Novice: 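Encoded as structure tokens, here's the structure I'll be asking about.
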Amino acid sequence: MALRVYNSLTKEKEEFIPINPPHVGMYVCGPTVSGESHLGHARPYITFDVVYRYLLYLGYKVRYVRNITDAGHFEEEGRQAEDKISSKALLEKVEPMELVHKYTSLFHWAFRQLNTLEPSIEPTATGHIVEQIGMIEQLIKAGYAYVVNGSVYFDVKKYASNYDYGKLSGRVVDDLLETTRELEGQEEKRNKADFALWKMAPPQHIMRWKSPWGEGFPGWHIECSAMATKYLGSRFDIHGGGMDLMFPHHESEIAQSTICNHASPAKYWMHNNMITVNGKKMGKSYNNQITLTQMFSGNHPLLTQGFSPMVIRFFILQTHYRSTLDFSSEALTAAEKGMKRLFEAFEVLKKLEIPDAEVPSDKELDSKINKLVDEFEEFINDDFNTAKVLANMFEIVPVINSMKDGLIKPYAISTATFKKLKESFTIFLEQILGLKDPSESSAQLNGIIDLLIEIRKEAKSKKDFFTSDKIRKQLTELGIEMKDEKDGNISWSRL
RNA sequence: GGUCCUGUGGCCGAGUGGUUAGGCAGAGCUCUGCAAAAGCUUCCACAGCGGUUCGAAUCCGCUCGGGACCUCCA
């Protein structure tokens, strides 16, 4: 079964066929490093990390480009032509680049914790001013952009007369021309729907670059078009980002690239939905963000505890990426417990060995396992339904535990089935979903605990429950839980 | 106001018209020196009202509720 992805451009699930196989070009709108990443930011980068991982698994040679927006944009177009980054920099009395560096590092750190793979290229907006200016010049030359007082605007009305502006986001241009909100500085534009490609920098603006139109800074949408074009060409396979970027950002990207490159940039547009808090989108405008460092530490009024990065990743992957996901400490706690159970079963599976059996004694179970495992691929192929993959894994958990406890006979399933289960489970959990056991410990700790287990076993065999309980109790206080198995073995895990 | 999405059991969520989603929480049982874990069983559901259909959470209409975008936003 082939991979099918929901294409926001056509509003349909389509079979994924790369433009130039085996190569795949993927562009994802990256972070604006004027502040710390919050939980909402984890959604797209984890979502597209799974997309990236799966495409790699399928054998594609993927170039994954994710930008860093370090040039900033004006807070509200026209009203205050002040760069976001420079305005905060003034406030904190530091260089803009100092902030950029700080938050870029923090971003990288947080997403390493979340086990996202690094993109192939992570271009910065400030590093591509030349390319952006070049693209703007092309747009002016083509007659789709005009210069006013040192700023350059894209002529949406003209574009719309020849192309479909609004196809991606479902806008009607006539409405846009009418209903766009009244903002200061609009008088420079020919039409309200026009957007800035280059803004003249007022004197107080710190980040500024020389351009053919005077000193200024790039508009919001041009950086992605310029960098995507530079590294992926005029036409590439996947463009991803949050749904909130669909309009005007992605719509405008399409317009810019269509004029400059004579092609709609991306074949497939993929948009992840939002993380909500009490039903409302987590975001700047609502002042309801929880930063990732707060998530990890638990240092936030809405959090009853800290959550490991893997729990956050798991929490996000338990929902389909195009659905909203409502955050609560309770939901995270539930995810944490579920994940622990899943990983404990996974540890068991990795160590489990069964005797050779060509024919399973329990044909029903054997075919059930085969079905559940085969569906991993079927579900991920269905527009990356990670929720269903995880649900199947959970259905297998009792089987694994029962095999360990001897409740299921070792030869109940065939060797081939067992081998497939082990391999697929590992590949999908670790390689594709990118989940790993957060409680992995050092060889040293393992050795120490193994020793304590030996001592405790001896005590138990002598019915010295005082000693055995003491070991268990003290370890519990240290966050390590000892569990007596049916067969007399003792296993342990972190609380 | 315009465009669009959405409403699933205590919570989070998957659902292609007919079959158990899954996780967490709750209840009972088994195992067990105790505990925990695990296993088995189980309770609780598709906002409301109509319609289409042999059959609807799933399609259509209306009502009510929630949300997103239209402005920086993942």
Side-chain angles (χ1 to χ4, degrees), chain A residues 11 13 28-32 34 37-48 72-79 84 166 169-172 175-176 178-183 193 220 240-249 271-276 278-286 289 314-315 318-320 322-342 344-345 348 379 382 385-395 397-402 404-405 407-408 460 463 465 468-469 472-473 476 481-486 491-493 495:
Chain A
K11 322 278 184 245
K13 271 187 204 169
V28 174
C29 290
T32 301
S34 60
S37 298
H38 59 73
L39 179 62
H41 293 111
R43 191 94 190 261
Y45 307 135
I46 287 172
T47 296
F48 291 104
H73 313 294
F74 15 101
E75 284 280 351
E76 285 189 349
E77 193 181 304
R79 183 197 285 182
K84 237 197 289 184
S169 57
R171 303 288 133 157
V172 180
D175 292 345
L176 289 173
E178 294 307 315
T179 61
T180 299
R181 197 169 139 191
E182 283 292 345
L183 295 166
W220 178 30
M243 273 183 185
D244 50 351
L245 295 182
M246 232 163 164
F247 188 87
H249 186 54
H271 291 97
N272 63 277
N273 215 319
M274 303 292 108
I275 287 180
T276 57
N278 295 321
K280 282 221 167 25
K281 172 186 168 185
M282 183 179 286
K284 230 180 306 213
S285 328
Y286 303 100
Q289 307 120 292
F314 176 82
F315 175 66
Q318 254 191 322
T319 308
H320 186 86
R322 283 190 289 112
S323 301
T324 55
L325 169 57
D326 201 47
F327 158 86
S328 68
S329 208
E330 196 188 356
L332 253 311
T333 306
E336 183 178 57
K337 288 185 183 170
M339 193 180 83
K340 184 166 181 263
R341 186 158 155 261
L342 182 64
E344 285 182 16
V348 170
F379 292 155
D382 184 15
N385 199 328
T386 55
K388 287 183 107 175
V389 172
L390 284 169
N392 270 27
M393 287 180 173
F394 273 107
E395 288 208 53
V397 164
V399 177
I400 294 171
N401 286 330
S402 295
K404 180 193 69 172
D405 291 341
L407 297 170
I408 290 176
K460 276 184 66 174
K463 301 244 188 278
F465 297 125
S468 74
D469 285 354
R472 187 171 66 193
K473 186 162 173 284
T476 303
E481 183 182 34
M482 273 200 174
K483 289 172 279 198
D484 297 346
E485 308 283 340
K486 288 189 180 45
S491 69
W492 67 280
S493 67
L495 289 169

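Proteins get letters first, then strands, A, B, ... in listed order; numbering begins at 1 in each. None of the values given here were measured: they were computed from a predicted structure.
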Novice: Kindly write out the residues that satisfy ring pair (Phe, Tyr, Trp, His ring centres under 6.0 Å) with Phe48(A), not counting sequence neighbours, or none if the list is empty.
Specialist: none
Novice: Does a distance-only test, which skips hydrogens and angles, find a donor-acceptor pair under 3.5 Å between the side chain of Asn392(A) and the base of G22(B)?
Specialist: no
Novice: Counting only Watson-Crick or G-U wobble pairs whose two distances fall under 3.5 Å, which nucleotide matches C59(B)?
Specialist: G51(B)
Novice: Let me know, please, whether Lys463(A) or Met282(A) comes out on the 5' side of the other along RNA chain B by nearest nucleotide.
Specialist: Lys463(A)
Novice: Base, sugar-phosphate or nothing for Met246(A)? Non-hydrogen atoms, less than 4.0 Å.
Specialist: nothing
Novice: Which residue lies toward the 5' end of RNA chain B, Pro31(A) or Ala387(A), if each is placed at its nearest nucleotide?
Specialist: Ala387(A)
Novice: Would you mind classifying the nucleic acid contact of Gly241(A) as base, sugar-phosphate or nothing, using non-hydrogen atoms under 4.0 angstrom?
Specialist: sugar-phosphate
Novice: So which protein N/O to nucleotides 3-5 of chain B N/O distances come out below 3.5 Å?
Specialist:
from	atom 1	to	atom 2	distance (Å)
U3(B)	O2'	Gly170(A)	O	3.3

Novice: Could you tell me which residues satisfy side-chain contact (heavy atoms from CB on, under 4.5 Å) with Asp484(A), sequence neighbours excluded, listed by chain and number?
Specialist: Arg456(A), Lys460(A), Arg472(A), Ile490(A)
Novice: Would you indicate what Phe394(A) reaches in the nucleic acid, counting non-hydrogen atoms under 4.0 angstrom: base, sugar-phosphate, or nothing?
Specialist: sugar-phosphate
Novice: Could you list, one pair per line, each protein nitrogen or oxygen that sits under 3.5 Å from a nitrogen or oxygen of nucleotides 36-38 of chain B, together with the distance?
Specialist:
from	atom 1	to	atom 2	distance (Å)
A36(B)	O2'	Glu481(A)	OE2	2.4
A36(B)	N1	Asp484(A)	O	3.1
A38(B)	O3'	Asn401(A)	ND2	2.9
A38(B)	O2'	Asp405(A)	OD2	3.1

Novice: Only counting residues at least two apart or in another chain, list the ones meeting salt bridge (Lys or Arg N to Asp or Glu O under 4.0 Å) with Lys280(A).
Specialist: none
Novice: For Lys337(A), what residues pass the salt bridge (Lys or Arg N to Asp or Glu O under 4.0 Å) criterion, not counting sequence neighbours?
Specialist: none
Novice: Under 4.0 angstrom, heavy atoms only, what part of the nucleic acid is His38(A) near: base, sugar-phosphate, or nothing?
Specialist: base
Novice: Only pairs with both distances under 3.5 Å count, Watson-Crick or wobble alike; so what is the partner of A14(B) in this structure?
Specialist: none
Novice: Which atom pair, heavy atoms only, marks the closest approach of Arg322(A) to Asn273(A)?
Specialist: O-ND2, 2.9 Å
Novice: Identify the pairs formed between an N or O of the protein and an N or O of nucleotides 9-12 of chain B at a distance under 3.5 Å, and give each distance.
Specialist:
from	atom 1	to	atom 2	distance (Å)
C11(B)	O2'	Glu330(A)	OE1	3.4

Novice: What residues, two or more places apart in sequence or in another chain, satisfy side-chain contact (heavy atoms from CB on, under 4.5 Å) together with Asp405(A)?
Specialist: Leu407(A), Glu485(A), Lys486(A)
Novice: Return the pairing partner of G1(B) with a 3.5 Å limit on both distances, Watson-Crick or G-U wobble; otherwise return none.
Specialist: C70(B)
Novice: When you compare the protein's N or O atoms with those of nucleotides 65-67 of chain B, which come within less than 3.5 Å of each other, and at what distance?
Specialist:
from	atom 1	to	atom 2	distance (Å)
G67(B)	OP1	Lys280(A)	NZ	2.4

Novice: Does G65(B) have a Watson-Crick or wobble mate here (both distances under 3.5 Å), and if so which one?
Specialist: U6(B)
Novice: Go through the structure and list residues passing side-chain contact (heavy atoms from CB on, under 4.5 Å) with Ala334(A), not counting sequence neighbours.
Specialist: none
Novice: Using a cut-off of 4.0 Å on non-hydrogen atoms, how would the nucleic acid contact of Met339(A) be classed: base, sugar-phosphate, or nothing?
Specialist: nothing
Novice: How about Lys284(A) and Gln289(A): do any of their side-chain heavy atoms sit closer than 4.5 Å?
Specialist: yes
Novice: NZ/Lys281(A) to OG1/Thr324(A) distance, rounded to the nearest 0.5 angstrom?
Specialist: 12.5 Å
Novice: Sequence neighbours excluded, which residues qualify as salt bridge (Lys or Arg N to Asp or Glu O under 4.0 Å) partners of Glu344(A)?
Specialist: Lys340(A), Lys483(A)
Novice: Using both distances under 3.5 Å as the test, list the Watson-Crick or G-U wobble partner of C31(B), or none.
Specialist: none
Novice: For atom P, what is the distance between G9(B) and U58(B), given to the nearest Å?
Specialist: 15 Å
Novice: Should Tyr45(A) be counted as stacked on A74(B), where stacking needs a ring-centre gap under 5.5 Å and an angle between planes under 30 degrees?
Specialist: no
Novice: Sequence neighbours excluded, which residues qualify as ring pair (Phe, Tyr, Trp, His ring centres under 6.0 Å) partners of His38(A)?
Specialist: His41(A)
Novice: Using a heavy-atom cut-off of under 4.0 Å over every strand shown, decide if Ser323(A) touches base, sugar-phosphate, or nothing.
Specialist: sugar-phosphate
Novice: U42(B) pairs with which nucleotide, Watson-Crick or G-U wobble, both distances below 3.5 Å?
Specialist: G26(B)
